[in-house]
Amino acid sequence: MPLFDLPLDQLRGYTSRVTPPADLQDFWDATLDEARTFPLNAMFGPVENHLSVIDTFDVTFAGYGGAPIRGWLHLPANRRAGSRLPVVVQYIGYSGGRGLVNQDTKWAQAGYAQFIMDTRGQGYGGILGETADPHPSAGEVAYAGLMTRGAGSREDYYYRRVYVDAFRAVEAAQSHPEVDPSRVVLAGISQGGGIVVAVAGLVAGRLDGVIAALPDVPFLQDFPRSIDIAARGPYPEIAAFLGRHRDRYEPMLAVLNNFDGVNLARAATAPALYSVAQMDDVCPPSTVFASFNAYGSGSAAQKDIAVYRFNNHEGGQEHHWIRQLQYLRELLA
């Protein structure tokens with residue numbers, strides 16, 4: 001795959017034309033206030049994972065509309081009694097779910113509490129999911145995917161529900177007695193990375209305890225450019241829908257603007273380590289840099305970005321995870 005986007009020197013200075021709606025703050029205040037009217041009801045049931053070094057709990061908590069959201073909580077088996085661990089709240093890539101009970105325990109192996117959120121209505125791709133999306137808009141006319149589900153209004157759009165679930169996942173993780181609620185790290189790849197950016201912005205001024213954001217090759221950033229140039233992955237779902245619904249482009253962009261990571265990133269205050277792959281034709285590098293350059297612009301949040309020049313959407317993989325471990329070790333020292 002050749003380099004298809006802007007040169008790196010231009011990427012580093014690239015900013016999106018996306019601007020936040022005038023009432024973005026009010027919209028999310030109202031959305032999260034409504035979500036919090038439902039008791040969190042976080043439940044952690046011990047479950048057999050067939051591993052000797054990790055203890056696992058089957059998690060359920062109330063997400064958007066009070067709907068039950070599933071997850072896993074992994075804890076190192078050798079943790080000290082009475083201690084509280086920093087927690088990595090992990091979000092999953094597009095089409096995936098929380099997976100099998102022992103499918104991903106790497107953060108717990110590194111000594112952290114690891115909270116994995118199932119993604120409502122997903123888990124039909126490479127990783128199993130077990131959380132439904134019961135919202136009425138799930139059945140409306142849309143492209144055969146999730147990107148246009150409920151896109152007739154910002155109140156019904158699919159990612160409104162997912163972002164609320166993700167915000168409440170932080171609250172659920174913080175509620176566990178062996179988790180340190182003042183040391184929460186957000187992590188995710190692709191869609192998971194996009195959710196990290198959104199939650200980092202949404203918690204600012206609304207929920208304490210998030211100390212770092214680790215968005216890898218994040219999706220859901222700079223929608224107008226992504227729709228135009230992404231050759232693979234979920235963004236073409238929107239283009240395909242608009243190819244049939246030719247009069248919906250501007251109204252759809254107006255809806256997506258409330259969920260664009262570029263807009264939500266501006267409010268973030270937690271330090272961030274991004275990653276970007278220059279050959280990524282799923283989440284084009286210019287859209288990732290648009291998010292990175294906007295991140296924390298209202299607070300001068302500390303941030304860095306790792307560039308993987310010769311990689312596509314797989315990004316840095318195990319190489320970047322080592323960098324993340326070093327980053328967190330220094331941050332928590």
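Residue numbers count from 1 along this sequence. What you see is a predicted model; the values in this text were computed from it and never measured.
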Just verifying a value: how many Å separate Tyr158 OH and Met147 CE, rounded to the nearest 0.5 Å? 10.0 Å
Looking just at side-chain N and O atoms, do Tyr112 and Gln90 make a donor-acceptor pair shorter than 3.5 Å? no
Could you check if a side-chain atom of Tyr295 sits within less than 4.5 angstrom of a side-chain atom of Pro215, using non-hydrogen atoms only? no
So, Arg206 side chain and Leu202 main chain: donor-acceptor pair closer than 3.5 Å or not? yes
Just so I know, are the side chains of Leu146 and Tyr124 near enough to count as touching, which here means a heavy-atom distance under 4.5 Å? yes
Do Val307 and Phe289 make a side-chain contact, defined as non-hydrogen atoms from C-beta onward lying under 4.5 Å apart? yes
Is it the case that the side chain of Asp165 and the backbone of Tyr64 share a donor-acceptor pair, with hydrogens and angles ignored and the cut-off at 3.5 Å? yes
Reference residue Tyr157; test ring pair (Phe, Tyr, Trp, His ring centres under 6.0 Å); the match among Tyr163, Phe259, Phe223: Phe259
Is it true that Arg79 and Glu178 make a salt bridge, defined as a side-chain N closer than 4.0 Å to a carboxylate O? yes
Going through the checks in order, is the side chain to side chain donor-acceptor pair (under 3.5 Å) test met by Gln122 and Asp133? CA-CA 8 Å; Gln122 298 190 33; Asp133 180 16; over 6 Å; no
Does the side chain of Asp180 come under 3.5 Å of the side chain of Gln174 through a donor N or O and an acceptor N or O? no
Tell me, do Phe241 and Arg248 make a side-chain contact under 4.5 Å, heavy atoms counted? yes
Side-chain donor-acceptor contact under 3.5 Å, Asn312 with Arg232: yes
salt_bridge(Asp156, Arg149) N-O dist < 4.0 Å: no
Can you see whether Arg161 engages Ser137 through a side-chain donor-acceptor pair at a distance of less than 3.5 angstrom? yes
Straight-line distance of Met117 CE to Trp72 CH2, nearest 0.5 Å: 15.0 Å
Shortest non-hydrogen contact from Pro218 toward Val197: CB-CG2, 4.4 Å
Going from CG on Leu100 to CG on Asn49, what distance comes out if it is rounded to the nearest 0.5 angstrom? 12.0 Å
Distance under 6.0 Å and angle within 45° of ring axis: Lys303 vs Phe292: yes
Going by atom types alone, do Asn257 and Asn263 pair a side-chain donor with an acceptor below 3.5 Å? yes
Side-chain heavy-atom pair His313, Cys283 within 4.5 angstrom cut-off: yes
Looking only at the side chains, is there a donor atom on one of His74 and Thr105 sitting less than 3.5 Å from an acceptor on the other? no
Does any non-hydrogen side-chain atom of Pro21 lie less than 4.5 Å from one of Phe27? no
Atom CD1 of residue position Ile116 - does it have more than 12 heavy atoms of other residues, nucleotides or ligands inside 6.0 Å? yes
On a heavy-atom basis, the closest approach of Pro284 and Asp5 is CB-OD2, 3.6 Å
Gln302 atom CD, over 12 foreign heavy atoms within 6.0 Å: no
So do the side chains of Leu186 and Val210 get within less than 4.5 Å of each other, counting heavy atoms only? yes
Partner of Ser286 under side chain to side chain contact (heavy atoms under 4.5 Å, CB included), picked from Arg225, Gln10, Gln221, is Arg225
Any donor-acceptor pair under 3.5 Å from Asn258 side chain to Ala254 backbone: yes
Set of residues satisfying salt bridge (Lys or Arg N to Asp or Glu O under 4.0 Å) with respect to Arg323, sequence neighbours excluded: Asp304
To the nearest 0.5 Å, what is the distance between CD1 (Ile211) and CG (Leu328)? 7.0 Å
Less than 4.0 Å between a side-chain N and a carboxylate O, is that true for Glu155 and Arg160? no
Report the distance from atom CD1 of Ile305 to atom CG of Leu273, rounding to the nearest 0.5 Å. 8.5 Å
Are side-chain N/O atoms of Tyr274 and Ser291 paired as donor and acceptor at under 3.5 Å? yes
Residue pairs involving residues 314-333 (criterion ring-ring contact (aromatic ring centres under 6.0 Å, His included); sequence neighbours excluded): Trp107-Trp321, Tyr308-His320
Taking side-chain contact (heavy atoms from CB on, under 4.5 Å) as the test, write out the residues that go with Thr131, two or more places apart. Ile69, Arg70, Asp118, Arg120
Which heavy atom in Val288 sits nearest to a heavy atom in Ser275, and how many Å separate them? CG1-O, 3.7 Å
